Number of protein chains: 2
Amino acid sequence: METQISTCDATSEARETHERILEAAQKLFAEKGLDATSVRDITAAADCNVAAVNYHFGGKENLYLESFKAMLGPLRDQRLAMIAELMEREPVPTLEEFLATFAEGFLDPLVDHSRGRMFMVFVSRELLDPRLPLSVFLEEFILPMVQRAAAALERVGPPMTPNNRIMCIFSLIGQLLHAVKAHHLSAHVEIQDAVPFDLAGFVDHFVRFSSAGLRAYSLDETASSTPFTGGEKDQ
Amino acid sequence: METQISTCDATSEARETHERILEAAQKLFAEKGLDATSVRDITAAADCNVAAVNYHFGGKENLYLESFKAMLGPLRDQRLAMIAELMEREPVPTLEEFLATFAEGFLDPLVDHSRGRMFMVFVSRELLDPRLPLSVFLEEFILPMVQRAAAALERVGPPMTPNNRIMCIFSLIGQLLHAVKAHHLSAHVEIQDAVPFDLAGFVDHFVRFSSAGLRAYSLDETASSTPFTGGEKDQ
DNA sequence: GACAGATTGAAACAATTGTTTAATATTTAC
DNA sequence: GTAAATATTAAACAATTGTTTCAATCTGTC
């Protein structure tokens, strides 16, 4: 008899066990990490038997890898699409437009206090205790974005060496990542005197600060003889 | 009979058990985190009995807290001394001198691939899975440095609102932290085409990029009407 | 030497871990 | 309906965890 269990909502009952496990695993792995999350935690959240993890995923470690890819794949694609849009926008954006769009596209998936924070924490954990080879993680998730961001910067920014362009991208991403972490931190702790971190205000500052920083490289296309260029100490 | 065991060097034998445990714990907690480090790992590295941890420290968790303070206290003091030196140096340093000294003093304890990396990893782990209250961690280790760095910047940098000064400090620290992580990462993975991250070169870039970014605030002491100031959207 | 306190040692404790097993239930195909 | 394949279940497995116990040893004082 095909009795539809009417007391439970369809969303949690109808879905396959496989899918429920994957979803619960993403949440728990991001929250507490792989070691602190027991298989029984996952199966309890997914409302299934302990053995289901091994049956459907062949073990806890493999479930972690699939959770990681399922979580970060879409994020990476969203980022790359944002950068691609910047590469093709006509007319060529100003430096300020570029930075504002880049910051917004970079931060948008991360600022949310549930899912966005999951992204950040998951990646931080993976970087501390890598379960998939670090080289794979970098080549698949990090380097593509850095390289394409550098290409986009070449279109809109002042002329500079490719090496300097990479360092500028590092400066941009470093600022934004630090801001996201401050944003999440300030929402999770109460400090008496401090005002909560103002992410929107920081983006304004980021555009102003970084556009000036980038334009510092437009002064010396030919003569790079300022004392801090470091061009002469290459090698 | 006070037989001096001559087969073992004095450094590992003579020291008290208490001290050996604390040292081994710092190393292992930083490397693998609290959960992944068993008491037996620590006592094996410290060459003592399992019960010694509970006898000397009253438990694993308490040993972690003492390890954390023993690790980060000196680092914080070193940072504050560096900033204090910048505050009192005569004549007032140029912006470039300030940034170069700040970057060097900030990075110096962190770049080392054994102890410096331990600092970074330990703090990252504590931020992900806080064992001491986050507010204590921030008030004791982070905020003092941010505030004094802002005070030092007030002395050498262009005039700006205190809020903007804090955001500039965020930009500086965000860049430097990101660079340290790239520095450590590039030493631990082999990626075919990529050149290893050049930290010294990044510091040069950092000074150039950030001095220009800071000077972007020297344009409008009175009229802050650029479209990205955000002054009009306060509240 | 003898005693008291501090420290160390081996063994055992209860709890939790990931995984496996074998039986049962469900679905699919004919 | 029947049989094969798929999926789920409860129970048990061996291993590891932090902590405790209690006897043995060391250290300093009288």
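Chain letters run A, B, ... following the sequence lines, proteins first, then strands; residues in each count from 1. Bear in mind the structure is a predicted one, so any value in this text is a computation, not a measurement.
A sub-4.0 Å separation between OP1 or OP2 of C:dA6 and a side-chain N or O of B:His56 is absent. Between C:dT8 and B:Thr17, a contact under 4.0 Å exists linking OP1 or OP2 to a side-chain N or O. Between A:Asn49 and D:dA10, a side-chain N or O to OP1/OP2 separation shorter than 4.0 Å is present. Taking only side-chain nitrogens and oxygens, A:Ser38 comes nearer than 4.0 Å to OP1 or OP2 of C:dT17.
A:Asn49 places no side-chain N or O within 3.5 Å of a backbone atom of A:Ala52 that could act as its donor or acceptor partner.
Atom CG in B:Asp47 sits about 13 Å away from atom C1' in C:dG9, given to the nearest Å. Rounded to whole Å, atom C1' of D:dT17 lies 16 Å from atom CG of B:Leu63. Residue B:Ile21 contributes atom CD1, which lies 8 Å from atom P of C:dT8 at whole-angstrom precision. When rounded to the nearest whole Å, the span between CD of A:Glu16 and P of D:dT6 equals 15 Å. One interatomic measurement links the two molecules: OH of A:Tyr55 to P of C:dA25, which rounds to 17 Å at whole-angstrom precision. Per the geometry, CD belonging to A:Glu61 stands 17 Å off P belonging to C:dT17, to the nearest Å. We find that CD1 of B:Ile42 is positioned 10 Å from P of D:dT19, with the value rounded to whole Å. Between the CZ atom of A:Arg40 and the P atom of D:dA11 there is a distance of 13 Å, rounded to whole Å.
Between A:Phe122 and A:Tyr64, the gap from one ring centroid to the other is short of 6.0 Å.
Judged purely by distance below 3.5 Å, without hydrogens or angles, the side chains of B:His56 and B:Thr17 never pair a donor atom with an acceptor atom.
Between A:His184 and A:His113, the angle of the ring planes goes over 60°, which puts this pair in the perpendicular group of the 30/60° scheme.
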Dot-bracket for DNA chain C: what is it, with Watson-Crick or G-U pairs under 3.5 Å, [ ] where a pair crosses earlier ones, and | for a pair to another strand?
|||||||||||||.||.|||||||||||||

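Using a 4.0 Å heavy-atom distance criterion, B:Thr37 is classed as a sugar-phosphate-only contact.
Applying the side-chain hydrogen bond (donor to acceptor under 3.5 Å, both in side chains) rule to pairs touching residues 21-39 of chain B yields B:Arg15-B:Glu23, B:Lys27-B:Glu31, B:Lys32-B:Asp41, B:Asp35-B:Arg131, B:Ser38-B:Asp41, sequence neighbours excluded.
When the nucleotides D:dT20, C:dT19, D:dG18 are ranked by their closest atom to the side chain of A:Val39, C:dT19 comes out on top.
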What's the verdict on side-chain hydrogen bond (donor to acceptor under 3.5 Å, both in side chains) for A:Ser135 and B:Glu190, showing C-alpha distance, side-chain angles and the deciding distance?
CA-CA 7 Å; A:Ser135 59; B:Glu190 290 299 328; over 6 Å; no

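For the pair A:Arg125 and A:Phe29, the cation-pi test (distance below 6.0 Å, angle within 45°) is failed.
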